[in-house]
Amino acid sequence: MKVFKRGILTAVVALLALSAGTRAAAQNTSAAYGFLDVPTSAHVVGLGGNNIALIDEDVSLSDQNPALIGPELDKQMEVNYMLYMAQGNFAGFRYGMGVGDHSAWAAGIRYMDYGFFDGYDENGVATGKFKPTDFIIEGTYSRDITSRWRGGVNLKVAYSGYEDYSAWAMAADLGVNYYDPEKDLSFSVVLRNMGGQIKRFGGRYSRLPFDIQLGYMQSIGNSPFQVSITANNLTKWSIPYYSYNNGAEGEVIVKKSGFFRNLFRHLIFGVQYEAAGKFYAALAYNYKTATDMSSFNHSFLSGFSLGVGFKVKYFRADVAYAIPHKKGSTLAVNLSYTLTGVVERAARGQ
């Protein structure tokens, strides 16, 4: 285990150096690898698509915040599927377990299929259809720091293949979580997607979507309801968007910014009802998702998401539905099984 911890630490230091070096060397680069931020947890999709403070014995939370898994996690395997924006098909598998009294680990793979696109060369001549795909292999390790603080690291290797172009990248997520069980209060900080490209697209460097995130979730008094607030995109304050406005000359696209617009585009609000850890129902609103779609096909429900989940003995199922715009909803499904139950039944001779 000591060798494993030293290996993790060495890899993180190397990734930090790689991230700093590539950012300094690339003055004019464009963000890419946005698929690294797509959640695998349907529970998280139901809470707005990003939640780093959700306390639940769910191995799929390790891609949100590596500090959300711990020694309380039984041997759990999980499969996930997402119909993304009514066209992409995303699927993955993850396995994790607690180790000793203070640690846990998890490993997983993810595959993203975006469907077929029409290809064209620089002269506008059709080159036929192609299917862009992304693939992620990741490993997570977490450890208790104190009785209430926990830290973790999630290491990712990502591959992208777009027609005749391909690229590889390495990234790391570092997270800490504070949890007070008496108040059912959870607070987290995550540094996401630190790293850089190993192989570039045709010699062109693309920056990883590095982000700093804060998360808060707490029960409302002694009720079964919880509220959550997630702050993301904290590496920059101004994140304007564009919207159609009707003017004297007809419909025009207008840039929208301002203090409150920027503030709420950093925040995701959620509320959850949970019954004895066996059932939950979640509802969230992501203002950034809604406003990002304001110059496209959006509806009153754009930015809203909802999810439900239940547990029966060693089996768990989660389903979530998100509505970015009228013609591009997202459906996410997770199924997980706790293998500890299988071991226990085998030991009893059942």
Side-chain angles (χ1 to χ4, degrees), residues 37 39-73 98 102 104 140 142-152 154 173-192 211-234 260 263-289 303-311 316 318-320 322 332 334:
D37 291 331
T40 60
S41 167
H43 198 165
V44 169
V45 173
L47 283 170
N50 185 196
N51 192 301
I52 63 171
L54 174 61
I55 302 300
D56 197 0
E57 294 181 19
D58 182 0
V59 67
S60 65
L61 296 177
S62 59
D63 73 342
Q64 289 291 296
N65 180 356
L68 291 181
I69 63 171
E72 69 279 357
L73 182 68
H102 300 288
T140 308
S142 71
R143 185 168 179 82
D144 292 339
I145 302 170
T146 68
S147 60
R148 294 188 176 181
W149 284 96
R150 178 179 296 164
N154 187 38
D173 305 330
L174 295 179
V176 293
N177 172 257
Y178 171 85
Y179 180 60
D180 183 346
E182 297 176 359
K183 299 179 180 179
D184 193 25
L185 182 155
S186 174
F187 174 77
S188 293
V189 181
V190 171
L191 304 181
R192 187 184 298 279
D211 194 14
I212 299 173
Q213 301 179 350
L214 303 176
Y216 162 82
M217 192 164 185
Q218 185 175 13
S219 292
I220 303 175
N222 295 320
S223 76
F225 290 93
Q226 298 169 299
V227 294
S228 72
I229 302 174
T230 303
N232 53 25
N233 294 300
L234 298 182
F260 287 105
L263 173 64
F264 284 103
R265 276 172 62 81
H266 286 284
L267 302 176
I268 301 171
F269 299 93
V271 61
Q272 175 172 282
Y273 169 83
E274 185 176 11
K278 301 297 183 181
F279 170 82
Y280 74 85
L283 175 68
Y285 181 68
N286 187 327
Y287 179 72
K288 184 177 185 299
T289 297
F304 282 97
S305 60
L306 55 92
V308 295
F310 66 88
K311 300 177 184 177
R316 174 190 178 117
D318 302 83
V319 180
N334 287 68

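As a basis for the values below, the full set of heavy atoms in this structure was taken, side chains included, without hydrogen atoms, waters or symmetry mates.
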Contact check, side chains of [X] and [Y], non-hydrogen atoms, under 4.5 Å:
X	Y	value
D37	R192	yes
S186	N177	yes
Y178	L185	yes

Whether the side chain of [X] engages the backbone of [Y] through a donor-acceptor N/O pair (distance < 3.5 Å, no angle test) should be reported.
X	Y	answer
S41	L61	no
Q64	N51	yes
S188	I52	yes
T140	N154	no
D144	T146	no
D63	T40	yes
N65	A53	no
T230	N50	yes

**OP:** Start with the C-alpha gap between L68 and I55, add the side-chain angles, then the distance that decides, and say whether side-chain contact (heavy atoms from CB on, under 4.5 Å) holds.
**Re:** CA-CA 7 Å; L68 291 181; I55 302 300; 4.2 Å; yes

Subject >> OH (Y273) with more than 12 external heavy atoms under 6.0 Å >> reply: no

Nearest atoms (heavy-atom pairs only) where [X] meets [Y]:
X	Y	result
R150	A67	CD-O, 3.1 Å
G151	I145	N-CD1, 3.7 Å
E57	E72	OE1-O, 3.7 Å
S219	S223	CB-O, 4.4 Å
V271	L47	O-CD2, 4.2 Å
A332	A42	O-CB, 3.7 Å

I need the [X] [atom1] to [Y] [atom2] distance, nearest 0.5 Å.
X	Y	atom1	atom2	value
N233	Q213	CG	CD	7.5 Å
H266	L214	NE2	CG	11.5 Å
Q226	L54	CD	CG	7.5 Å
K278	F310	NZ	CZ	12.0 Å
I268	N286	CD1	CG	4.0 Å

By ring pair (Phe, Tyr, Trp, His ring centres under 6.0 Å), which residues pair with [X], not counting sequence neighbours?
X	value
Y179	none
Y285	F304
Y216	none
Y280	H43

Subject >> Results of side chain to side chain donor-acceptor pair (under 3.5 Å) for S60 - residues two or more places apart only >> reply: D58

Subject >> Listed once per pair and sorted, the salt bridge (charged side-chain N to carboxylate O under 4.0 Å, His left out) pairs that draw on residues 40-56, sequence neighbours left out >> reply: D56-K311, D56-R316

**OP:** Verify whether one side chain among R265 and Y287 offers a donor that lies under 3.5 Å from an acceptor in the other.
**Re:**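 Per modelled atom types, R265 and Y287 side chains form no pair under 3.5 Å.
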
